[in-house]
Every structure is written in C-alpha cells, then in structure tokens.
Amino acid sequence: MPDFFNTLLFGIYPYIALAVLILGTVVRYDREPYTWRSGSSQLLRRKQLVWGSVLFHVGVLVIFFGHLFGLLTPIAIFDALGISHGAKQLLAIVAGGVAGIMAIVGATLLVHRRLFDARVRAASSPTDTMIIVLLWIQLALGLLTIPVSLQHLDGEEMVKFMNWAQGIFTFNGAASGYVADASIIFKLHLVLGLTILLLFPFTRLVHMLSVPLRYLWRPGYQVVRERNRRAAQTRLPAE
C-alpha cells in the first residue's frame, strides 16, 4: 500500500498536475481572456502591499529559477563543471534560505493585509485568499526542509530529487522510486507544489505569464494635450 500511494503521488499525480496546468491555461486564455488578470487593490494599504509584493515576488523568482535549473540540469553537467553534490547542496540551502525568508515575510504581509483589512477582504475573491495562503504554507514547508538538508551535506539527498524531476520529464516509469524514502517534509512540499501547479489556471497566478516585458524595450512616448480648437471656434463670444 505505501508503494501504491508513493507511485500515485510522485509517479502519476505530477502528470495530472502538468496536464491540467497546460490545458487549463490554454483554455482559460482562449475562452475567458478578460479574466486573465490580477485583480488590483493597490489603492488600499498601499505601503504594506508594496513591501509585501516586492519581497514576495523577488524571493519567489529566485526560488523558482533555483528549482528549475537545480532540479532539471543534468547531473553530468555539474560533474563536468567540477561542482560537487555537497557544494550544490550548500548553495541551495544558503540561496534558497535567504530567498525563502524574503518570500515568506512578503507573503505574511500580503496574507495579513488580505485577511485583516476589511476593505481588501471585501475586494478579494475566495480563490485569491486561498492561493496566497497555500503559497505561504508552501514557503514554510520549503524552509522546514533546510534542517533536514543540513543532515545530508554530501548532497546525495538532493540527487534523489534531481533524478525524480528529470525522470518525470523523461517519462521514466520508475521516477517515483527515487523519493520513496525521502523525508515527509520533502514529500509534503512536493505534493503541495504539484497542487499549486494544478490550481494555477484557475487563479490569479496566470498573470505571471503576462509579464509586460515589451515595455522594457519599447520606444518612449510623449503625451501631448491639444486644445479642442473646434469647440473654441463654435463657442459664442462674450457680450
């Protein structure tokens, strides 16, 4: 039975989550383009929003790309570059720890603002509140993995997760076996991460795919106000 649940959660569930993520995102963009946005409440408690948003987004971006390259880069590349598993593990602990603290502080400010400000709460949908709370829990689980990782500074524990992630993307039917004996904290972190991917198309998180990068290189514009001459010409002269 434990083997069945391990295969279900780490061998089958990842494909369900990724399939819903891709298909759900495409369908939402095609069928409901006007919902493809992040609802704004920036006029309410703006200072707390700015601090929370900056800390959260910077921390999450570092964590995201750290996970992306850290898990999906073939181990042979690290070996060829002379980066030991232990060094990679230590880098992940330090960089991930700093980014995780930034992100969870920002998320705490955002959760507090959303739950304890009556005006923001009234302007929020249930999914808005649910996803930010889930992200806070996910960040907390990520930070809780650090004490466990410190017990495996040889990096071999991290290699298991690299093999698992790469096995999923290469359709390795035995991928779930790599994490069978992993700590429960890591397993909860993985399952909740997959669940967030599953929920992604149905929440405000879709706005992450619409970052207006083109504004960084578009030519500048000058706004010019022109007097309405026709209105001035038709105006009756004062007597």
Side-chain angles (χ1 to χ4, degrees), residues 17-18 20-22 24-25 28-29 32-71 92-149 184-216:
L18 290 171
V20 173
L21 168 69
I22 296 170
T25 300
R28 179 173 177 180
Y29 186 79
E32 301 178 12
Y34 294 106
T35 68
W36 192 279
R37 61 185 178 84
S38 172
S40 176
S41 59
Q42 62 182 346
L43 297 179
L44 307 174
R45 273 199 171 184
R46 180 174 175 79
K47 187 175 181 180
Q48 185 174 354
L49 171 64
V50 170
W51 276 103
S53 184
V54 169
L55 288 171
F56 174 75
H57 284 88
V58 171
V60 165
L61 283 174
V62 173
I63 293 170
F64 173 78
F65 286 107
H67 280 64
L68 182 67
F69 292 109
L71 292 175
I93 291 173
V94 175
V98 172
I101 290 172
M102 288 178 59
I104 201 167
V105 169
T108 301
L109 290 173
L110 296 177
V111 169
H112 177 272
R113 175 179 174 273
R114 192 167 295 278
L115 293 180
F116 295 98
D117 186 297
R119 296 178 301 168
V120 177
R121 189 169 62 250
S124 303
S125 69
T127 56
D128 290 343
T129 303
M130 175 196 68
I131 200 63
I132 190 62
V133 171
L134 287 180
L135 288 170
W136 190 96
I137 296 172
Q138 178 70 343
L139 289 167
L141 287 173
L143 289 173
L144 288 175
T145 65
I146 292 179
V148 180
S149 297
I184 186 62
I185 295 296
F186 280 109
K187 289 185 175 183
L188 290 173
H189 188 55
L190 288 177
V191 170
L192 184 53
L194 292 170
T195 302
I196 290 172
L197 292 181
L198 182 80
L199 297 173
F200 182 94
F202 313 106
T203 67
R204 61 188 290 145
L205 291 179
V206 294
H207 79 278
M208 294 170 56
L209 302 178
S210 302
V211 178
L213 295 178
R214 63 188 181 88
Y215 286 97
L216 298 177

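The structure presented is a predicted model; accordingly, all values stated were derived computationally and were not measured.
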Query raised in the report: When rounded to the nearest 0.5 angstrom, what distance separates CD1 in Ile132 from CD1 in Ile137?
Result: 11.0 Å

Report summary line: Closest non-hydrogen atoms of Leu143 and Gly97, given as atom of the first, atom of the second and distance, are CD2-O, 4.0 Å

Report summary line: CG of Leu192 to CD1 of Ile196, rounded to nearest 0.5 Å, is 4.5 Å

**Report entry** Atom pair NZ (Lys187) and OG1 (Thr145), whose distance is rounded to the nearest 0.5 Å
**Finding:** 15.0 Å

Report task. Over all heavy atoms of both residues, which pair between Asp128 and Ile131 is shortest? Give the atoms and the distance, please. Result -> O-CG2, 3.4 Å

Requested in this report: Identify the residue among Val111, Leu109, Leu135 that makes a side chain to side chain contact (heavy atoms under 4.5 Å, CB included) with Phe56.
Outcome: Leu135

Query raised in the report: Backbone N or O of Thr203 within a donor-acceptor pair of the Arg28 side chain at under 3.5 Å?
Result: yes

Report task. Determine whether Phe186 and Ser149 make a side-chain contact, defined as any pair of heavy atoms from C-beta on separated by less than 4.5 Å. Result -> yes

Requested in this report: Could you tell me which non-hydrogen atom of Pro201 sits nearest to which non-hydrogen atom of Gly24, and how far apart they are?
Outcome: CB-C, 3.4 Å

Report task. Report yes if some heavy atom in the side chain of Leu141 is under 4.5 Å from a heavy atom in the side chain of Gln138; otherwise report no. Result -> yes

Query raised in the report: Are Leu21 and Leu198 close enough that some pair of their side-chain heavy atoms sits under 4.5 Å apart?
Result: no

Report task. Evaluate the side-chain proximity of Leu134 to Leu199: yes if any heavy-atom separation is below 4.5 Å, no if none is. Result -> yes

Query raised in the report: Any side-chain heavy atom of Leu110 sitting closer than 4.5 Å to one from Arg114?
Result: no

Report task. Decide yes or no for Phe200 and Thr25: does some side-chain heavy atom of the first lie under 4.5 Å from some side-chain heavy atom of the second? Result -> yes

**Report entry** Separation between CZ of Arg113 and CG of Leu49, rounded to the nearest 0.5 Å
**Finding:** 4.5 Å

Report summary line: The reported gap from CD1 in Ile22 to CG in Leu197 (rounded to nearest 0.5 angstrom) is 10.0 Å

Query - Summary of side-chain hydrogen bond (donor to acceptor under 3.5 Å, both in side chains) pairs that have at least one residue in residues 95-110, sequence neighbours excluded - result: Thr108-Trp136

Requested in this report: Carefully, step by step, assess Leu144 and Leu188 under the rule side-chain contact (heavy atoms from CB on, under 4.5 Å).
Outcome: CA-CA 11 Å; Leu144 288 175; Leu188 290 173; over 6 Å; no

Report summary line: Taken to the nearest 0.5 Å, the spacing of Ile146 CD1 from Ile93 CD1 works out to 7.0 Å

